[in-house]
Amino acid sequence: MVFDAKAVEDKYIVAVHTNDHINLIKAISSQTSRKRNRVATEYDSIYFNEGLSESAYLAAGSVLEVAKKVEKGELNSAFAIVRPPGHHAEENEPMEFCLFNNVAIATSFLLNQKVRVLCLSVLHENGSFYPTGDDGSHIKIGEGPDAGYNINVPWENDQCGDAYYIAVWDHILIPVAREFNPDLIIISAGFDAALGDPLGGCCVTPHGYSVMLKKLMKFSEGKIVMALGCKEWLNTLEW
């Protein structure tokens, strides 16, 4: 089943981003090419073009819309194939090809609906698809009653493949997920860890991804939402 893209409303974005950030993204399409290029140079790996404002709103809105449908039971699961991606976007700053933090916006909505959400992401730079500074550190384990449910697994070296990831899955993440008992799982699916990705530096194969996903399908009655992330290299996706 395929759905058309749907633009997000500002009332959902403000739960994650500042008004200044929203206004910045909203103004991109109406600016001259010269001004867009000049503004883009102020940020890390950001490229603006005509129509990007609309694309950013449609990307965030599409992830939010399928998350709503899965949560309500209208869909068993969903994969939002959207551009631009979102998991590097900070509270007040676009970053690494990302403008609005699509997954964080959807997750914020679900949490406000009292839905227990398990979030998964594989990143190696600013640490999390949530707009924060160092929340990707291994010492960040959550706070209060949620302490222990925020888990970041750093690798000591690169070239980690299926065996490494599945071992962490089986011995760390799956046991905690079982205890957490999520109502829904949302995945920031950037494939940074895929074999052949020169920036991620890892070696997870399509089979490895399928094994990990199959294990996740045992939770939350299979309610899983995936949102396409960034830095996908064609030679890793063609599999």
*Transitively linked via ILVMFWY side-chain contacts under 4.5 Å: Met1 with Val225?*
yes

*Looking only at heavy atoms, what is the nearest atom pair of Gly142 and Asn150, with distance?*
N-CB, 3.5 Å

*asked:* If you take the centroid of each ring, where Trp contributes its six-membered ring, are Phe191 and Tyr209 closer together than 6.0 Å?
replied: yes

*Provide the full list of salt bridge (charged side-chain N to carboxylate O under 4.0 Å, His left out) pairs with a residue in residues 101-116, sequence neighbours left out, each pair given once.*
none

*Of all the heavy-atom pairs spanning Gly86 and Asn102, show the shortest one and how long it is.*
N-ND2, 3.6 Å

_Side chain proximity check, Lys69 to Phe3, heavy atoms < 4.5 angstrom_ = yes

Name each donor-acceptor pair under 3.5 Å that joins a side chain in residues 54-65 to protein atoms two or more places apart or in another chain, with its distance.
residue	atom	partner	partner atom	Å
Glu54	OE1	Ser29	OG	2.7
Ser55	OG	Gly51	O	3.1
Tyr57	OH	Asp10	OD1	2.7
Ser62	OG	Lys6	N	3.4
Ser62	OG	Leu58	O	2.7

*Rounded to the nearest 0.5 Å, what separation is found between the CD atom of Gln113 and the NZ atom of Lys68?*
8.5 Å

_Residue list, side-chain hydrogen bond (donor to acceptor under 3.5 Å, both in side chains) with Tyr47, at least two apart or on another chain_ = none

*Enter the distance from Leu110:CG to Cys119:SG here, rounded to the nearest 0.5 Å.*
8.5 Å

*Which heavy atom in Ala227 sits nearest to a heavy atom in Phe79, and how many Å separate them?*
C-CE2, 4.1 Å

*Would you indicate whether the side-chain heavy atoms of Ile174 and Phe219 approach each other to under 4.5 Å?*
yes

*Glu71 vs Asp183 side-chain heavy atoms within contact, under 4.5 Å*: no

*Separation between CG of Leu213 and CH2 of Trp169, rounded to the nearest 0.5 Å*: 9.0 Å

*asked:* Can a donor-acceptor pair be found, under 3.5 Å and without considering hydrogens, that links the side chain of Asn112 to the backbone of Ser108?
replied: yes

*Tell me whether Ile141 is reachable from Tyr149 by hopping between hydrophobic residues (I, L, V, M, F, W, Y) whose side-chain heavy atoms are closer than 4.5 Å.*
no

*Search all heavy atoms of Pro182 against all heavy atoms of Ala177 and return the closest pair with its distance.*
CD-O, 3.4 Å

*Which salt bridge (charged side-chain N to carboxylate O under 4.0 Å, His left out) pairs, counting each pair once, include a residue from residues 141-162, with sequence neighbours left out?*
none

_Has Ser30 got a side-chain atom pairing as donor or acceptor with Ala27's backbone, closer than 3.5 angstrom?_
yes

*Answer yes or no: is there a donor N or O on one side and an acceptor on the other, between the side chain of Thr107 and the main chain of Ala104, under 3.5 Å?*
no

*Donor-acceptor pair, His87 side chain versus Leu228 backbone, under 3.5 Å?*
no

*asked:* To the closest 0.5 Å, what do you measure between CD (Gln159) and CG (Leu195)?
replied: 8.5 Å

*Do Val204 and Met212 touch side chain to side chain, with heavy atoms closer than 4.5 Å?*
yes

*At their closest point, which heavy atom of Phe48 faces which heavy atom of Asn37, and how far apart are they?*
O-OD1, 4.2 Å

_Atom of Leu216, atom of Ile185 and distance for their closest heavy-atom approach_ = O-CD1, 3.6 Å

*Please tell me if the side chains of Ile25 and Ile13 come closer than 4.5 Å, counting only heavy atoms from C-beta onward.*
no

*Can you tell me how far CG of Asn23 sits from CG of Asp20, rounded to the nearest 0.5 angstrom?*
6.5 Å

*Restricting to pairs with a member in residues 212-227, which pass salt bridge (charged side-chain N to carboxylate O under 4.0 Å, His left out), not counting sequence neighbours?*
Asp170-Lys215

*Quick check: does any side chain N or O of Asp44 sit under 3.5 Å from a backbone N or O of Met95, one acting as donor and the other as acceptor?*
no

*Is a side-chain donor or acceptor of His17 paired with a backbone partner of Asn92 at a separation under 3.5 angstrom?*
no

_From CA spacing to verdict: side-chain contact (heavy atoms from CB on, under 4.5 Å), Cys202, Trp155_ = CA-CA 10 Å; Cys202 293; Trp155 297 126; 4.2 Å; yes

*Gap between atom OG1 of Thr18 and atom CD of Glu93 - 0.5 Å precision*: 10.5 Å

*Are any of the side-chain heavy atoms of Pro94 and His21 separated by less than 4.5 Å?*
yes

*asked:* Between Phe97 and Arg83, is the side-chain contact (heavy atoms from CB on, under 4.5 Å) condition met? List the steps.
replied: CA-CA 9 Å; Phe97 320 111; Arg83 280 293 180 266; over 6 Å; no

*Side chain proximity check, Ile46 to Val39, heavy atoms < 4.5 angstrom*: no

*Can you tell if the side chain of Leu99 reaches within under 4.5 Å of the side chain of Tyr43, non-hydrogen atoms only?*
no

*asked:* Test of understanding: with side-chain contact (heavy atoms from CB on, under 4.5 Å), list the residues that count as partners of Glu9, not counting sequence neighbours.
replied: Lys11, Tyr12

